[in-house]
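A short write-up of the structure that comes next.
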Amino acid sequence: MPELPEVETICRELSNLLIGRKILSIEPLRENTIIYNTELIENQTISKIERRAKYIVISLSKGQQLVIHLRMTGKLIFPITNNFDSKYTRAIIYIDNDDEIHFDDIRCFGKIYINEQNQTNDQFAKLGIEPLTDDFNVDFLYQKAKNRNQEIKPFLMNQEIVVGIGNIYVQEILFHSKINPTRKAKTIKKHEWQKIIYNTKNTLLIAIDNNGTTISDFRRVDDKTGEFQNFLQVYGKDNCPICDNKLEYIKQAGRSTRYCKECQK
DNA sequence: AAGCTTTCCTGAACGC
DNA sequence: TGCGTTCAGGAAAGCT
């Protein structure tokens, strides 16, 4: 389940491998995988690959863009080895020198958007701020939260407020910050926001340094796993790593949450 | 308008 | 063993 660090890892690896390569064509293997006109990107050179929120943005020489969201189980696979075979390949990007990039996705939630030259990015219209920038600060969060009745966990996962944080990292961030995920966002004090900001940046940066978290499905482009799962404190755990009490297990807005009611107040 | 729930989808895990 | 049910979850749509 790729969140910010996983998408960042993929973008960096793809950049190293694919800048300057030419896309010949893109072929959908399943309906609703590719949004818009596939002919728009034919015979164009890849000029830049970068992350925005959890989107992979591949910019092309004539200004068009391929914008990819992996959702839960999407993968971009490159290079394709001779014995590679998957029944979940949803699209194939053919590039120069007889190479292919495969878009593989078991659950078919992932999407590839093709944007015209100079087209405003519809996918990005409602996105909030990037958590690794200085805009992600106490004043911003305090203002956004002060009139909200929402719990802090779904608040931090709301991509219209801050982008890139999903169900794994939000639980880690709140654990490190010693904040109970059921607290209302508007009750969070400024010194607590400061802790949340510090732990958000710190957790995401360490995860990026470790190539993301591999929980069952996530793979890097070369099929290697990330390593941050070795650092997880509460996600998928039964007991608190600090006090060893059994972790609470609840649902918030349809998403599972684990937290320690002794250590997180 | 905010904040829920439902939907999309499939494999794994579980229960009888 | 095997079949049916439940669960996992990002984001958009639907609903209250």
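Throughout, a chain's letter reflects where its sequence line sits, starting with A, and its residues are numbered from 1.
The 5' end of DNA chain B is approached more closely, in terms of each residue's nearest nucleotide, by A:Arg71 than by the other of A:Arg71 and A:Tyr88. Across the interface with DNA chain B, nearest-nucleotide mapping of A:Arg255 and A:Gln150 shows A:Gln150 to be the residue nearer the 5′ end.
A continuous path of Ile, Leu, Val, Met, Phe, Trp and Tyr side chains, each step under 4.5 Å between heavy atoms, connects A:Ile112 with A:Ile10, placing both in one hydrophobic cluster.
Taking side-chain N and O atoms only, A:Asn167 has a distance below 4.0 Å to OP1 or OP2 of C:dG9. Between A:Lys54 and C:dA11, a side-chain N or O to OP1/OP2 separation shorter than 4.0 Å is present. The phosphate of C:dG10 has neither OP1 nor OP2 within less than 4.0 Å of any side-chain N or O from A:His69. Residue A:Ser256 has no polar side-chain atom (N or O) positioned under 4.0 Å from OP1 or OP2 of C:dC7. The side chain of A:Tyr235 places an N or O atom within less than 4.0 Å of a non-bridging phosphate oxygen (OP1 or OP2) of C:dG9.
Following rounding to the nearest Å, A:Asn158 (CG) and C:dA11 (P) show an atom-to-atom distance of 10 Å. Protein atom CE of A:Met157 is 8 Å distant from nucleotide atom P of C:dA11, rounded to whole Å. Whole-Å rounding puts the A:Gln159 CD to C:dA11 P distance at 4 Å.
Nucleic acid contact for A:Lys251: sugar-phosphate only, since backbone atoms but no base atoms lie under 4.0 Å from a heavy atom of the residue. Among the atoms of the strands shown, none is found under 4.0 Å from any heavy atom of A:Tyr169. Residue contacts shown for A:Tyr55 are limited to sugar-phosphate atoms, with no base heavy atom under 4.0 Å away. At a threshold of 4.0 angstrom between heavy atoms, the contacts of A:Asn32 with the nucleic acid are absent.
A:Arg107 contributes a side-chain N or O that forms a donor-acceptor pair with the base of C:dA8 under 3.5 Å.
A salt bridge between A:Arg51 and A:Glu130 is present, with a side-chain N of the basic residue lying under 4.0 Å from a carboxylate O of the acidic one.
Aromatic ring orientation, A:His102 versus A:Phe84: perpendicular (interplanar angle above 60°, classes split at 30° and 60°).
Surrounding NZ of A:Lys48 are at most 12 heavy atoms belonging to other residues, nucleotides or ligands under 6.0 Å away.
Aromatic stacking of A:Phe109 on C:dA11: not satisfied for centres closer than 5.5 Å together with planes under 30 degrees.
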